[in-house]
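Letters go in sequence order (proteins before strands), and every chain restarts at 1.
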Protein chains: 2
Amino acid sequence: MTSPEPCPVARALDAIGDRWSLLIVRDAFDGVQRFGDLQRNLGMARNILSDRLRKLVDAGVLQTQPASDGSAYQEYALTAKGLGLFPVVVALRQWGEDQLFAPGEAHSSLVEKASGQPVARMQPQTADGRVLAPGAAVVRKLG
Amino acid sequence: MTSPEPCPVARALDAIGDRWSLLIVRDAFDGVQRFGDLQRNLGMARNILSDRLRKLVDAGVLQTQPASDGSAYQEYALTAKGLGLFPVVVALRQWGEDQLFAPGEAHSSLVEKASGQPVARMQPQTADGRVLAPGAAVVRKLG
DNA sequence: CAGTATCCCTCAAGATACTG
DNA sequence: CAGTATCTTGAGGGATACTG
């Protein structure tokens, strides 16, 4: 479970598959960029957040940049690599909403209601754009 | 980080966000259904695999069924809920391939080459099917 | 405010022996 | 072969005090 993982899924999980990284990334997509905001938002220990941020920066998922409000501190922003996690976060949210909530149960995708806009969803598809349903036909194509 | 998580992403990660579950699910999508095959394939300790399988069954992601070869044991198969993780696994694999491998480096999505068929890819899209690029416009829609 | 440094502790994970 | 039982370890994580 370490070193040169040959499986892309395993390698991805090695990079961002821990308990906090993807939640940090989700918040980053949501525009949260400050240490304190992340910490309050996620309710995690400062040292852990600090460590996770460093690792995400080392991994090239986040980058630090001067604070937009002119304060002496920095902000954490998604890199291109980090933005590439968008489908992952969307897919996770989608599965969570579809499979992990009771029919009437409220979840916190409030933005949809607030904005009146449907949130992004995912559909696996072939390279030529045909929609793909999970099942026997694709079962051996996951790598 | 426990109990009634209101965020779908957090709840999803609570269910399958540990170090092994998604790898087991990936193998399941790949047709691996036997305890011993999973154990050898993933190189994980028997007791951990046993525990993880039980939890995945409890979570409704996997179900046991009589072995197809008539042996006395059982097989672990994806439920509908588990099949719903297809986009998640695909998105993870896609990100891994695109961002975590050097240009010429080989990864183990051999199936594509073997079958000559392109593997599934993901594209986030709106409810009406328009393709969505990650960025400012969608940044507040992740929930 | 944005971190770092310490201390502590739980739990996930590994190894391995055992059972039907 | 398909697990279960037991033991041990180490890393991940939490609380909190501290610094620039």
Exercise. Do any N or O atoms from the side chain of B/K55 and from the backbone of B/S21 form a donor-acceptor pair under 3.5 angstrom?
Worked result: no

A/L42 atom CG is separated from D/dA15 atom P, nearest whole Å, by 14 Å

Rounded to whole Å, the CZ-P distance (B/R46 to C/dT19) equals 15 Å

**Prompt:** Does B/T64 reach the main-chain N or O of B/Q74 with its side chain, forming a donor-acceptor pair under 3.5 Å?
**Reply:** no

Does any N or O donor sit under 3.5 Å from an N or O acceptor when you compare the side chain of A/N47 with the base of D/dT16? no

Examine distances only and state if a side-chain atom of A/Q94 and a backbone atom of A/A91 form a donor-acceptor pair shorter than 3.5 Å. no

Within residues 49-66 of chain A, the residues having a heavy atom closer than 4.0 Å to DNA chain D are A/R52

Check your understanding: Counting any heavy atom closer than 4.0 Å, what does B/Q39 reach on the DNA or RNA strands: base, sugar-phosphate only, or nothing?
Key -> nothing

Base-pair string, DNA chain C, Watson-Crick plus G-U, cut-off 3.5 Å on both distances, | for inter-strand, is ||||||||||||||||||||

*asked:* Do the side chains of B/R52 and B/D18 get close enough for a salt bridge, i.e. N-O under 4.0 angstrom?
replied: yes

Out of C/dG3, D/dA5, D/dA2, minimum distance to the side chain of A/Q74 belongs to C/dG3

Item to complete: Give a yes or no on whether the ring-centroid distance for A/Y73 and A/F35 is below 6.0 angstrom.
Response: no

When rounded to whole Å, the CD1 to P distance for the pair B/I48 and C/dC11 reads 14 Å

| message | Quick one, B/L100 and A/K81 - any side-chain contact, counting heavy atoms below 4.5 Å? | response | yes

